[in-house]
Asker: 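There's a structure below that I have some questions on.
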Amino acid sequence: MKAWRYSEYGGVEVSKLESNVEVPEIKDDQVLIKVVAAALNPIDYKRRLGLFKATDAPLPTVPGFDAAGVVVKVGSKVKHLKEGAEVYGDIIEKAIDGPKQFGSLAEYTAVEEKLLALKPKNLDFVQAASIPLAIETAYEGLLTAGFSEGQSSLVLGGAGGVGSFVIQLAKHVFGASKVAATSSTAKLELLKSLGADLAIDYTKDNFEDLPEKFDLVYDAVGQCDRAVKAVKEGGLVVVIAGSVTPPCFWFILTSNRQFLKKLNPYLESGKVKPLLDPKGPFPFDKVNEAFAYLETNRAIGKVVIYPIP
(Lines give C-alpha, C1' and ligand atoms only; values in the text may rest on other atoms or scores of the structure.)
Protein backbone atom coordinates (compact mmCIF):
# COMPACT_ATOMS: atom_id res chain seq x y z
CA MET A 1 0.00 0.00 0.00
CA LYS A 2 0.96 3.66 -0.18
CA ALA A 3 2.07 5.50 2.96
CA TRP A 4 4.12 8.54 3.88
CA ARG A 5 7.23 7.67 5.86
CA TYR A 6 10.48 9.19 7.10
CA SER A 7 13.65 7.36 8.14
CA GLU A 8 15.54 10.34 9.59
CA TYR A 9 14.60 13.47 11.51
CA GLY A 10 14.45 16.78 9.66
CA GLY A 11 12.37 19.14 7.54
CA VAL A 12 9.49 18.25 5.23
CA GLU A 13 11.89 16.85 2.65
CA VAL A 14 12.75 13.78 4.76
CA SER A 15 9.17 12.50 4.42
CA LYS A 16 8.53 10.41 1.29
CA LEU A 17 5.47 8.86 -0.30
CA GLU A 18 6.26 5.15 -0.60
CA SER A 19 4.18 2.65 -2.57
CA ASN A 20 5.38 -0.69 -1.18
CA VAL A 21 4.65 -0.35 2.55
CA GLU A 22 3.20 -3.45 4.19
CA VAL A 23 -0.33 -3.22 5.54
CA PRO A 24 0.05 -3.46 9.34
CA GLU A 25 -1.05 -6.59 11.18
CA ILE A 26 -3.68 -5.96 13.85
CA LYS A 27 -3.39 -7.04 17.47
CA ASP A 28 -6.31 -8.61 19.38
CA ASP A 29 -7.50 -5.23 20.70
CA GLN A 30 -7.13 -3.40 17.38
CA VAL A 31 -9.08 -2.84 14.19
CA LEU A 32 -7.69 -2.21 10.72
CA ILE A 33 -9.17 0.89 9.17
CA LYS A 34 -9.17 2.03 5.57
CA VAL A 35 -8.17 5.64 6.08
CA VAL A 36 -10.40 8.00 4.08
CA ALA A 37 -9.09 11.31 5.46
CA ALA A 38 -6.37 12.36 7.89
CA ALA A 39 -5.51 15.70 9.51
CA LEU A 40 -2.16 17.28 10.30
CA ASN A 41 -1.17 18.68 13.70
CA PRO A 42 1.82 20.71 14.89
CA ILE A 43 2.90 17.71 16.97
CA ASP A 44 3.44 15.80 13.71
CA TYR A 45 6.13 18.15 12.45
CA LYS A 46 7.65 18.68 15.90
CA ARG A 47 8.04 14.91 16.11
CA ARG A 48 9.55 14.76 12.61
CA LEU A 49 12.01 17.51 13.57
CA GLY A 50 13.24 15.22 16.37
CA LEU A 51 12.04 17.33 19.31
CA PHE A 52 10.82 14.18 21.10
CA LYS A 53 13.45 11.73 19.86
CA ALA A 54 14.42 10.67 23.41
CA THR A 55 10.99 9.05 23.90
CA ASP A 56 10.00 8.43 20.26
CA ALA A 57 9.35 5.07 18.63
CA PRO A 58 12.15 3.72 16.41
CA LEU A 59 12.40 5.07 12.88
CA PRO A 60 11.08 4.76 10.19
CA THR A 61 7.85 6.54 11.13
CA VAL A 62 4.53 6.82 9.32
CA PRO A 63 3.27 10.17 10.66
CA GLY A 64 -0.29 11.19 11.48
CA PHE A 65 -2.42 11.28 14.63
CA ASP A 66 -5.90 12.09 13.30
CA ALA A 67 -7.84 9.67 11.12
CA ALA A 68 -11.35 9.05 9.83
CA GLY A 69 -12.15 5.89 7.94
CA VAL A 70 -13.93 2.56 7.71
CA VAL A 71 -13.24 -0.57 9.77
CA VAL A 72 -12.21 -3.43 7.44
CA LYS A 73 -10.88 -5.99 9.93
CA VAL A 74 -11.51 -6.61 13.63
CA GLY A 75 -9.26 -8.15 16.31
CA SER A 76 -10.49 -11.04 18.46
CA LYS A 77 -10.92 -8.92 21.61
CA VAL A 78 -12.72 -6.01 19.96
CA LYS A 79 -16.19 -5.67 21.47
CA HIS A 80 -17.96 -2.62 20.05
CA LEU A 81 -16.74 -2.03 16.50
CA LYS A 82 -17.69 -4.13 13.48
CA GLU A 83 -16.51 -4.27 9.89
CA GLY A 84 -18.04 -1.44 7.91
CA ALA A 85 -18.26 0.96 10.88
CA GLU A 86 -17.36 4.56 10.03
CA VAL A 87 -15.00 5.76 12.75
CA TYR A 88 -12.70 8.60 13.73
CA GLY A 89 -10.08 9.19 16.40
CA ASP A 90 -6.65 10.34 17.50
CA ILE A 91 -4.99 6.99 16.84
CA ILE A 92 -1.85 7.58 18.95
CA GLU A 93 -2.62 7.27 22.66
CA LYS A 94 0.53 8.93 24.03
CA ALA A 95 1.63 11.83 21.89
CA ILE A 96 5.29 12.04 22.94
CA ASP A 97 5.80 9.16 25.39
CA GLY A 98 6.52 6.19 23.14
CA PRO A 99 4.05 7.07 20.36
CA LYS A 100 3.30 4.31 17.87
CA GLN A 101 5.51 4.02 14.84
CA PHE A 102 2.64 3.72 12.36
CA GLY A 103 0.25 6.67 12.10
CA SER A 104 -2.63 7.75 9.88
CA LEU A 105 -0.94 9.02 6.71
CA ALA A 106 -1.36 5.66 4.99
CA GLU A 107 -4.06 3.81 3.07
CA TYR A 108 -4.59 1.49 6.07
CA THR A 109 -3.64 1.72 9.72
CA ALA A 110 -4.10 -0.45 12.83
CA VAL A 111 -5.81 1.24 15.78
CA GLU A 112 -6.77 0.19 19.30
CA GLU A 113 -10.55 0.06 19.68
CA LYS A 114 -10.31 2.26 22.81
CA LEU A 115 -9.11 5.19 20.68
CA LEU A 116 -11.94 5.19 18.12
CA ALA A 117 -15.49 6.52 18.22
CA LEU A 118 -18.24 6.28 15.62
CA LYS A 119 -18.12 9.19 13.19
CA PRO A 120 -20.80 11.84 13.85
CA LYS A 121 -23.64 11.10 11.43
CA ASN A 122 -23.91 14.64 10.09
CA LEU A 123 -20.21 15.05 9.26
CA ASP A 124 -18.26 13.79 6.27
CA PHE A 125 -14.87 12.09 6.59
CA VAL A 126 -12.95 15.32 5.94
CA GLN A 127 -14.76 17.13 8.77
CA ALA A 128 -14.45 14.14 11.09
CA ALA A 129 -10.72 13.74 10.48
CA SER A 130 -10.16 17.37 11.52
CA ILE A 131 -11.62 16.88 14.99
CA PRO A 132 -10.09 14.24 17.31
CA LEU A 133 -6.71 15.46 18.58
CA ALA A 134 -7.77 19.11 18.69
CA ILE A 135 -11.14 18.62 20.39
CA GLU A 136 -9.73 16.09 22.89
CA THR A 137 -6.86 18.46 23.73
CA ALA A 138 -9.30 21.34 24.20
CA TYR A 139 -11.71 19.29 26.30
CA GLU A 140 -9.19 17.50 28.51
CA GLY A 141 -7.27 20.74 29.07
CA LEU A 142 -10.44 22.47 30.31
CA LEU A 143 -11.31 19.45 32.47
CA THR A 144 -7.82 19.21 33.97
CA ALA A 145 -7.90 22.90 34.87
CA GLY A 146 -11.22 22.38 36.67
CA PHE A 147 -13.00 24.88 34.43
CA SER A 148 -16.69 25.13 35.31
CA GLU A 149 -19.96 26.88 34.57
CA GLY A 150 -19.98 30.62 35.17
CA GLN A 151 -16.21 31.06 34.90
CA SER A 152 -14.44 33.22 32.32
CA SER A 153 -11.74 32.16 29.89
CA LEU A 154 -9.23 33.73 27.54
CA VAL A 155 -8.02 31.67 24.57
CA LEU A 156 -4.66 32.56 23.02
CA GLY A 157 -4.70 31.48 19.38
CA GLY A 158 -8.46 31.21 19.00
CA ALA A 159 -8.45 30.58 15.25
CA GLY A 160 -6.20 27.51 15.43
CA GLY A 161 -7.24 23.87 15.60
CA VAL A 162 -7.25 23.59 19.39
CA GLY A 163 -8.16 27.21 20.12
CA SER A 164 -11.26 27.14 17.94
CA PHE A 165 -12.56 24.16 19.92
CA VAL A 166 -11.65 25.71 23.31
CA ILE A 167 -13.86 28.71 22.49
CA GLN A 168 -16.79 26.48 21.49
CA LEU A 169 -16.46 23.99 24.35
CA ALA A 170 -15.98 26.66 27.01
CA LYS A 171 -19.11 28.40 25.77
CA HIS A 172 -21.45 25.59 24.76
CA VAL A 173 -20.34 22.59 26.85
CA PHE A 174 -18.90 24.08 30.07
CA GLY A 175 -21.18 27.13 30.23
CA ALA A 176 -18.57 29.89 30.49
CA SER A 177 -19.81 33.31 31.59
CA LYS A 178 -17.45 35.00 29.13
CA VAL A 179 -15.01 33.79 26.49
CA ALA A 180 -12.33 36.08 25.07
CA ALA A 181 -9.87 35.03 22.37
CA THR A 182 -6.94 36.43 20.38
CA SER A 183 -6.23 36.34 16.66
CA SER A 184 -4.93 38.51 13.84
CA THR A 185 -7.18 41.24 12.40
CA ALA A 186 -8.59 39.13 9.55
CA LYS A 187 -9.84 36.40 11.90
CA LEU A 188 -11.71 38.48 14.50
CA GLU A 189 -15.15 37.85 12.99
CA LEU A 190 -14.38 34.14 12.88
CA LEU A 191 -13.73 34.18 16.65
CA LYS A 192 -17.12 35.81 17.24
CA SER A 193 -18.84 33.25 15.02
CA LEU A 194 -17.35 30.48 17.17
CA GLY A 195 -18.83 32.03 20.32
CA ALA A 196 -16.19 34.47 21.57
CA ASP A 197 -17.73 37.40 23.46
CA LEU A 198 -14.55 39.43 23.07
CA ALA A 199 -12.24 39.13 20.06
CA ILE A 200 -8.79 40.65 20.65
CA ASP A 201 -6.55 41.68 17.77
CA TYR A 202 -3.07 40.68 18.91
CA THR A 203 -1.49 42.87 16.20
CA LYS A 204 -2.97 45.98 17.89
CA ASP A 205 -3.70 45.15 21.54
CA ASN A 206 -1.82 43.43 24.35
CA PHE A 207 -4.26 41.07 26.02
CA GLU A 208 -2.30 41.22 29.29
CA ASP A 209 -3.00 44.97 29.54
CA LEU A 210 -6.78 44.49 29.67
CA PRO A 211 -8.23 45.62 33.02
CA GLU A 212 -10.32 42.43 33.04
CA LYS A 213 -8.68 39.21 34.28
CA PHE A 214 -9.85 35.64 33.63
CA ASP A 215 -10.43 32.47 35.65
CA LEU A 216 -8.61 30.46 32.99
CA VAL A 217 -6.22 31.30 30.19
CA TYR A 218 -5.83 28.55 27.59
CA ASP A 219 -2.52 29.21 25.84
CA ALA A 220 -2.31 27.43 22.48
CA VAL A 221 0.55 29.56 21.17
CA GLY A 222 3.29 29.48 23.84
CA GLN A 223 3.03 32.81 25.71
CA CYS A 224 3.03 31.70 29.35
CA ASP A 225 5.05 34.72 30.50
CA ARG A 226 2.31 37.06 29.20
CA ALA A 227 -0.63 34.78 30.00
CA VAL A 228 0.11 34.84 33.74
CA LYS A 229 -0.60 38.61 33.69
CA ALA A 230 -4.13 37.99 32.35
CA VAL A 231 -5.28 35.38 34.88
CA LYS A 232 -7.11 36.12 38.14
CA GLU A 233 -5.46 35.34 41.44
CA GLY A 234 -6.06 31.65 42.06
CA GLY A 235 -6.69 31.04 38.35
CA LEU A 236 -4.77 28.76 36.00
CA VAL A 237 -3.04 28.91 32.63
CA VAL A 238 -3.21 25.78 30.47
CA VAL A 239 -0.22 25.65 28.10
CA ILE A 240 0.10 23.25 25.15
CA ALA A 241 3.15 24.88 23.52
CA GLY A 242 6.32 26.49 24.82
CA SER A 243 7.87 26.68 28.27
CA VAL A 244 5.96 27.11 31.53
CA THR A 245 6.24 28.72 34.95
CA PRO A 246 3.48 28.61 37.62
CA PRO A 247 0.56 29.27 37.56
CA CYS A 248 0.96 27.91 34.02
CA PHE A 249 0.88 24.15 33.70
CA TRP A 250 1.93 22.19 30.65
CA PHE A 251 -0.70 19.86 29.32
CA ILE A 252 -0.38 17.04 26.81
CA LEU A 253 -3.23 14.85 25.73
CA THR A 254 -3.72 11.16 26.37
CA SER A 255 -6.07 10.11 23.57
CA ASN A 256 -9.40 8.81 24.83
CA ARG A 257 -12.47 7.91 22.76
CA GLN A 258 -14.71 8.57 25.78
CA PHE A 259 -14.21 12.29 25.16
CA LEU A 260 -15.30 11.88 21.54
CA LYS A 261 -18.35 9.86 22.57
CA LYS A 262 -19.30 12.53 25.11
CA LEU A 263 -18.90 15.34 22.58
CA ASN A 264 -20.54 13.61 19.59
CA PRO A 265 -24.03 14.94 20.51
CA TYR A 266 -22.70 18.52 20.45
CA LEU A 267 -21.13 17.87 17.02
CA GLU A 268 -24.27 16.19 15.69
CA SER A 269 -26.50 19.04 16.92
CA GLY A 270 -24.22 21.64 15.30
CA LYS A 271 -23.52 23.42 18.60
CA VAL A 272 -19.84 22.57 18.14
CA LYS A 273 -18.43 22.69 14.60
CA PRO A 274 -15.10 21.65 13.08
CA LEU A 275 -13.07 24.45 11.51
CA LEU A 276 -11.29 23.57 8.26
CA ASP A 277 -8.58 25.63 6.62
CA PRO A 278 -9.91 27.00 3.30
CA LYS A 279 -6.75 25.96 1.43
CA GLY A 280 -7.60 22.30 2.03
CA PRO A 281 -8.20 19.54 1.76
CA PHE A 282 -4.83 18.63 0.26
CA PRO A 283 -4.62 15.44 -1.83
CA PHE A 284 -2.59 12.50 -0.52
CA ASP A 285 0.38 13.17 -2.82
CA LYS A 286 0.66 16.76 -1.50
CA VAL A 287 1.26 15.95 2.18
CA ASN A 288 4.63 17.72 2.22
CA GLU A 289 3.08 20.87 0.73
CA ALA A 290 0.37 20.67 3.40
CA PHE A 291 2.98 20.38 6.16
CA ALA A 292 4.98 23.29 4.72
CA TYR A 293 1.81 25.38 4.88
CA LEU A 294 0.97 24.26 8.43
CA GLU A 295 4.48 25.19 9.54
CA THR A 296 3.92 28.83 8.48
CA ASN A 297 1.52 29.09 11.48
CA ARG A 298 -1.01 30.80 9.21
CA ALA A 299 -3.52 27.95 8.98
CA ILE A 300 -7.09 28.52 10.14
CA GLY A 301 -8.46 25.53 12.04
CA LYS A 302 -7.25 22.21 10.66
CA VAL A 303 -5.37 21.14 7.53
CA VAL A 304 -6.84 17.88 6.18
CA ILE A 305 -5.52 15.30 3.70
CA TYR A 306 -8.19 13.85 1.38
CA PRO A 307 -8.81 11.67 -0.49
CA ILE A 308 -6.50 8.89 0.63
CA PRO A 309 -6.68 6.38 -2.25
Asker: Treating Ile, Leu, Val, Met, Phe, Trp and Tyr as nodes and any side-chain heavy-atom pair under 4.5 angstrom as an edge, say whether Phe102 and Tyr45 lie in one connected cluster.
Answerer: no
Asker: Quick one: does Ser104's side chain have a donor or acceptor within less than 3.5 Å of a partner on Ala67's backbone?
Answerer: no
Asker: Kindly compute the distance separating CD1 (Ile91) from OG1 (Thr109), expressed to the nearest 0.5 Å.
Answerer: 4.0 Å
Asker: Mind checking whether Tyr266 and Val173 have side chains closer than 4.5 Å, heavy atoms only?
Answerer: yes
Asker: Between Leu216 and Gln151, does the side-chain contact (heavy atoms from CB on, under 4.5 Å) criterion hold? Intermediate values first, please.
Answerer: CA-CA 8 Å; Leu216 173 76; Gln151 291 189 315; 5.8 Å; no
Asker: Quick one: side chain to side chain donor-acceptor pair (under 3.5 Å) pairs with a partner in residues 20-31, sequence neighbours left out?
Answerer: Asp28-Ser76, Gln30-Glu112
Asker: Examine distances only and state if a side-chain atom of Thr61 and a backbone atom of Tyr6 form a donor-acceptor pair shorter than 3.5 Å.
Answerer: no
Asker: Between Lys229 and Glu208, is there a salt bridge with N-O shorter than 4.0 Å?
Answerer: no
Asker: Go through the steps for Tyr293 and Asn288 under the test side-chain hydrogen bond (donor to acceptor under 3.5 Å, both in side chains), then give the verdict.
Answerer: CA-CA 9 Å; Tyr293 171 57; Asn288 279 354; over 6 Å; no
Asker: About how many Å separate CZ of Arg48 and CD of Glu8, when rounded to the nearest 0.5 Å?
Answerer: 11.0 Å
Asker: Testing the basics here: between Cys248 and Val239, what is the closest heavy-atom pair and its distance to 0.1 Å?
Answerer: CB-CG2, 3.7 Å
Asker: Just how far is it from atom CD of Glu136 to atom CD of Gln258, taken to the nearest 0.5 Å?
Answerer: 10.0 Å
Asker: Taking atom NZ of Lys2 as the centre, report whether more than 12 heavy atoms of other residues, nucleotides or ligands fall under 6.0 Å from it.
Answerer: no
Asker: A quick test of your reading: do over 12 heavy atoms of other residues, nucleotides or ligands sit less than 6.0 Å from NZ of Lys46?
Answerer: yes
Asker: Could you check whether any side-chain heavy atom of Asn256 comes within less than 4.5 Å of a side-chain heavy atom of Thr254, counting everything from C-beta outward?
Answerer: no
Asker: What do the steps show when you test Leu191 against Ile200 for side-chain contact (heavy atoms from CB on, under 4.5 Å), and what is the final call?
Answerer: CA-CA 9 Å; Leu191 299 187; Ile200 302 164; over 6 Å; no
Asker: In the single-linkage hydrophobic clustering (I, L, V, M, F, W, Y; side-chain heavy atoms under 4.5 Å), do Tyr139 and Leu123 co-cluster?
Answerer: yes
Asker: Does the side chain of Phe251 come within less than 4.5 Å of Tyr218's, by heavy atoms?
Answerer: yes
Asker: Leu190 and Ala159: which non-hydrogen atoms are nearest, and at how many Å?
Answerer: CD2-CB, 4.0 Å
Asker: When you group the ILVMFWY residues by side-chain heavy-atom contacts below 4.5 Å and let the links chain together, are Leu32 and Val78 in the same group?
Answerer: no
Asker: Distance from Glu289 atom CD to Leu294 atom CG, nearest 0.5 Å?
Answerer: 13.5 Å
Asker: Evaluate whether atom NZ of Lys271 has more than 12 neighbouring non-hydrogen atoms of other residues, nucleotides or ligands under 6.0 angstrom away.
Answerer: no
Asker: Within the side chain of Asp205, is there an N or O that forms a donor-acceptor pair under 3.5 Å with the backbone of Phe207?
Answerer: no
Asker: Would you please name every residue forming a side-chain hydrogen bond (donor to acceptor under 3.5 Å, both in side chains) with Glu18, sequence neighbours left out?
Answerer: Arg5
Asker: Looking at CD of Gln168 and CG of Leu267, how far apart are the two atoms once the value is rounded to the nearest 0.5 Å?
Answerer: 8.5 Å
Asker: Indicate whether any N or O donor in one side chain lies under 3.5 Å from an N or O acceptor in the other, for Ser152 and Asp215.
Answerer: yes
Asker: Can you see whether Phe125 has Lys119 sitting over its ring - NZ or CZ less than 6.0 Å from the centre and within 45° of the normal?
Answerer: yes
Asker: So, Glu212 and Lys178, do they make that salt bridge, N to O below 4.0 Å?
Answerer: yes
Asker: How long is the straight-line distance from CG of Leu154 back to OG1 of Thr182, given to the nearest 0.5 Å?
Answerer: 6.5 Å
Asker: Determine whether a donor-acceptor pair (N or O, by modelled atom type, separation under 3.5 Å) exists between the side chain of Lys204 and the backbone of Asp201.
Answerer: no
Asker: Report yes or no: does Glu268 contribute a side-chain atom to a donor-acceptor pair with the main-chain N or O of Lys121 at less than 3.5 Å?
Answerer: yes
Asker: With a 4.5 Å cut-off on side-chain heavy atoms, are Pro42 and Glu295 touching?
Answerer: no
Asker: Under 3.5 Å, which donor-acceptor pairs link side chains of residues 299-309 to any protein atom two or more places apart or in another chain?
Answerer:
{"unit_1": "Lys302", "atom_1": "NZ", "unit_2": "Asn41", "atom_2": "OD1", "d": "3.1"}
{"unit_1": "Lys302", "atom_1": "NZ", "unit_2": "Asp66", "atom_2": "OD2", "d": "3.0"}
{"unit_1": "Lys302", "atom_1": "NZ", "unit_2": "Ser130", "atom_2": "O", "d": "3.1"}

Asker: Under the side-chain contact (heavy atoms from CB on, under 4.5 Å) rule, what do Glu107 and Val35 come out as? Steps first, then yes or no, please.
Answerer: CA-CA 5 Å; Glu107 289 182 73; Val35 183; over 6 Å; no
Asker: Is Glu86 reaching over with its side chain to a backbone N or O of Gly69, donor-acceptor style, under 3.5 angstrom?
Answerer: no
Asker: Would you mind telling me which of Leu51, Ile92, Leu133 makes a side-chain contact (heavy atoms from CB on, under 4.5 Å) with Ile43?
Answerer: Leu133
Asker: Side-chain contact test, heavy atoms from C-beta onward, threshold under 4.5 Å: evaluate it for Leu142 versus Phe174 and give yes or no.
Answerer: yes
Asker: Testing Val272, Asp197, Leu194 for side-chain contact (heavy atoms from CB on, under 4.5 Å) with Lys171, which one passes?
Answerer: Asp197
Asker: Check the pair Thr203, Thr185 against side-chain hydrogen bond (donor to acceptor under 3.5 Å, both in side chains), reporting the backbone distance first and the verdict last.
Answerer: CA-CA 7 Å; Thr203 68; Thr185 315; 3.3 Å; yes
Asker: What's the shortest heavy-atom distance between Val231 and Pro247, and which atoms?
Answerer: CG1-CG, 4.2 Å
Asker: Is Asp124 reaching over with its side chain to a backbone N or O of Gln127, donor-acceptor style, under 3.5 angstrom?
Answerer: yes
Asker: Which pair of heavy atoms, one from Ala3 and one from Ala106, lies closest together, and at what distance?
Answerer: CB-CB, 3.5 Å
Asker: Could you state whether Leu118 and Val111 fall into the same hydrophobic cluster, counting links through intermediate Ile, Leu, Val, Met, Phe, Trp or Tyr residues with side-chain heavy atoms under 4.5 angstrom apart?
Answerer: yes
Asker: Report the C-alpha distance between Phe249 and Val244 in whole Å, list the side-chain angles of each, state the deciding distance to 0.1 Å, and finish with yes or no for side-chain contact (heavy atoms from CB on, under 4.5 Å).
Answerer: CA-CA 6 Å; Phe249 73 91; Val244 298; over 6 Å; no
Asker: So do the side chains of Leu40 and Phe65 get within less than 4.5 Å of each other, counting heavy atoms only?
Answerer: no
Asker: Grab the two heavy atoms, one from Ala117 and one from Lys261, that are nearest each other, plus how far apart they are.
Answerer: CB-CG, 4.1 Å
Asker: Using modelled atom types only, decide if a donor and an acceptor are shared between the side chain of Thr137 and the backbone of Val162 within a distance under 3.5 Å.
Answerer: no
Asker: Does any part of the side chain of Phe214, heavy atoms only, come nearer than 4.5 Å to the side chain of Ser153, both counted from C-beta?
Answerer: no
Asker: Measure across Val166 and Ala138 and return the closest heavy-atom pair with its distance rounded to 0.1 Å.
Answerer: CG2-CB, 3.5 Å
Asker: Give a yes or no on whether the backbone of Val12 and the side-chain of Ser15 come within a donor-acceptor separation of less than 3.5 Å.
Answerer: no
Asker: When hydrophobic residues are tied together by side-chain contacts of less than 4.5 Å, even through go-betweens, does Tyr88 share a cluster with Leu276?
Answerer: no
Asker: Would you say Leu253 and Asp90 make side-chain contact, with heavy atoms under 4.5 Å?
Answerer: yes
